[in-house]
Amino acid sequence: MESTIKTIMLTKENMQRLLPKRSNFSNKGSYGCVVNIAGSFMYPGASYLSSVAALKVGAGRVRLATTTNVIPIVASLTPDITFLDLGESKDYTIPKDSYKYLQTIAEPTVYAIGCGLTQYGGTKDFILSFLKNNRNNQTPIIIDADGVNALSSVTNFMMPLNSIITPHPLELSRLIDVPVEEIQANRVEYAWKACQELDCIVLLKGHDSVIAVPNGQIFINKTGNSALAKAGSGDVLTGMIAGFASQGLNLENAACLAVYLHGVAGEIASKTQTEYGVLATNLINTIPSAIRELLF
């Protein structure tokens, strides 16, 4: 790695400084709008988890952009989000050209894309077209899960100017063609490698999550435990990053704060649920308690 790399550990003290301020004279518009492009007939829960997590960290509004079949499922679970109906193809996935419709009606502070989208039908084409169409857009974009998987199918892809990818080790393995075992043995090295190759922020999830920033800073998080090794945990994290970015944090700071609090939420949930029993929904419910630990 280059000598200019600076490694920084995330601590309670430096995360307290990042927490967005709230004002009694504010309204929902003060805290931004997340447009969350997520969910499918197979994974409707991912869209619910990521959307509600964004609200739980303080986003003013979340609009879930998803297929027609997902909307009534998520609407039955929460009244707190609104929807953008992207339609659906004959195989119940997002039509590949619906990114054009999305661009005409959404006015986001931040985009999140990938949670539970799958790679079926025209979904991969939809994801890549959306990212290409927003290549020169300064609106922050968080790319997770199937968004990362779509990127792994192409070479020399030029990323949007203001973007972050959030792969777990297997997703990063597909993206940079390095075995998972090697990535896990050299997590900082390969997070930085992907950061340089893609010229975007890379959050490598897992034990001691690594956030690599193109300016040469590497952040390492120590909060969390095995409770986070559960389906849906990553969707919650994506929503948290988006929610903080919607309140004005840049993607670097939003990712650091979200990763730190995500780990703390897992620790708090484990006290009653044990590390075996924590679900992603438990994480969402303990986000306010994690934030409280920074406030006091």
Side-chain angles (χ1 to χ4, degrees), residues 1-11 14-15 18 50 110 112-115 127 131 140-226 228-229 233-242 244-245 249-264 266:
M1 294 196 309
E2 298 178 1
S3 58
T4 55
I5 295 298
K6 181 180 180 181
T7 301
I8 303 168
M9 304 299 296
L10 302 186
T11 66
N14 57 35
M15 292 302 98
L18 294 183
S50 49
V110 56
I113 184 169
C115 295
I127 294 168
L131 295 177
I141 303 176
I142 299 107
I143 306 164
D144 185 37
D146 286 306
V148 179
N149 290 331
L151 290 172
S152 68
S153 67
V154 294
T155 57
N156 300 319
F157 189 85
M158 187 178 295
M159 296 292 288
L161 290 175
N162 192 10
S163 58
I164 180 174
I165 62 169
T166 59
H168 56 55
L170 179 57
E171 289 164 345
L172 187 63
S173 173
R174 298 187 190 115
L175 191 61
I176 63 174
D177 195 26
V178 173
V180 170
E181 296 77 15
E182 189 171 342
I183 289 173
Q184 288 292 72
N186 303 277
R187 288 172 57 80
V188 171
E189 176 183 344
Y190 286 110
W192 176 240
K193 173 181 170 66
C195 173
Q196 288 183 300
E197 290 183 357
L198 295 172
D199 193 28
C200 72
I201 301 171
V202 174
L203 163 52
L204 176 57
K205 296 183 290 194
H207 180 64
D208 293 354
S209 291
V210 178
I211 301 168
V213 185
N215 65 11
Q217 291 185 308
I218 304 285
F219 298 92
I220 299 176
N221 182 59
K222 292 287 186 178
T223 63
N225 54 32
S226 69
L228 301 176
S233 178
D235 302 314
V236 173
L237 178 58
T238 294
M240 293 174 72
I241 298 170
F244 284 130
L249 295 188
N250 62 35
L251 284 178
E252 173 187 323
N253 289 338
C256 288
L257 184 57
V259 165
Y260 178 88
L261 288 172
H262 185 257
V264 174

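Source: prediction; values computed, not measured.
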- Message: Using side-chain contact (heavy atoms from CB on, under 4.5 Å), reason through T223 and L10 one step at a time and then give a plain yes or no.
- Response: CA-CA 9 Å; T223 63; L10 302 186; over 6 Å; no

- Query: So, the side chain of S50 versus the backbone of V236: is there a donor-acceptor pair under 3.5 Å, distance only?
  - Reply: no

Heavy-atom side-chain proximity of [X] to [Y] below 4.5 angstrom:
X    : Y    : result
I165 : L175 : yes
P169 : R187 : yes
D146 : N149 : yes
Y260 : L18  : no
I141 : I143 : yes

- Message: Run the side-chain contact (heavy atoms from CB on, under 4.5 Å) test on N186 and V178 for me, step by step, so that the C-alpha distance in whole Å, both residues' side-chain angles and the decisive distance to 0.1 Å come before the verdict.
- Response: CA-CA 11 Å; N186 303 277; V178 173; over 6 Å; no

- Task: Return yes when atom CE of M158 has more than 12 non-hydrogen atoms of other residues, nucleotides or ligands closer than 6.0 Å, and no otherwise.
- Result: no

- Query: Run the side-chain contact (heavy atoms from CB on, under 4.5 Å) check on Y190 and V210 step by step: do they pass?
  - Reply: CA-CA 10 Å; Y190 286 110; V210 178; over 6 Å; no

- Message: Just to verify, what does S152 make a side-chain hydrogen bond (donor to acceptor under 3.5 Å, both in side chains) with, not counting sequence neighbours?
- Response: none

Can I get a per-line list of side-chain donor-acceptor pairs under 3.5 Å for residues 250-259, giving both atom names and the distance, sequence neighbours left out?
| residue | atom | partner | partner atom | Å |
| --- | --- | --- | --- | --- |
| N250 | OD1 | E252 | N | 3.3 |
| N250 | OD1 | N253 | N | 2.8 |

- How would you list, by chain and number, every residue that makes a side-chain contact (heavy atoms from CB on, under 4.5 Å) with S153, sequence neighbours excluded? K124, L128

- Item | For L228, side-chain contact (heavy atoms from CB on, under 4.5 Å) partners two or more places apart | S233, H262, L283

- Task: Determine which pairs satisfy salt bridge (Lys or Arg N to Asp or Glu O under 4.0 Å) with at least one residue from residues 163-177, sequence neighbours left out, and list them in order.
- Result: none

- Message: Does anything in residues 197-226 form a salt bridge (Lys or Arg N to Asp or Glu O under 4.0 Å)? List the pairs, not counting sequence neighbours.
- Response: D144-K205, K193-E197, D208-K222

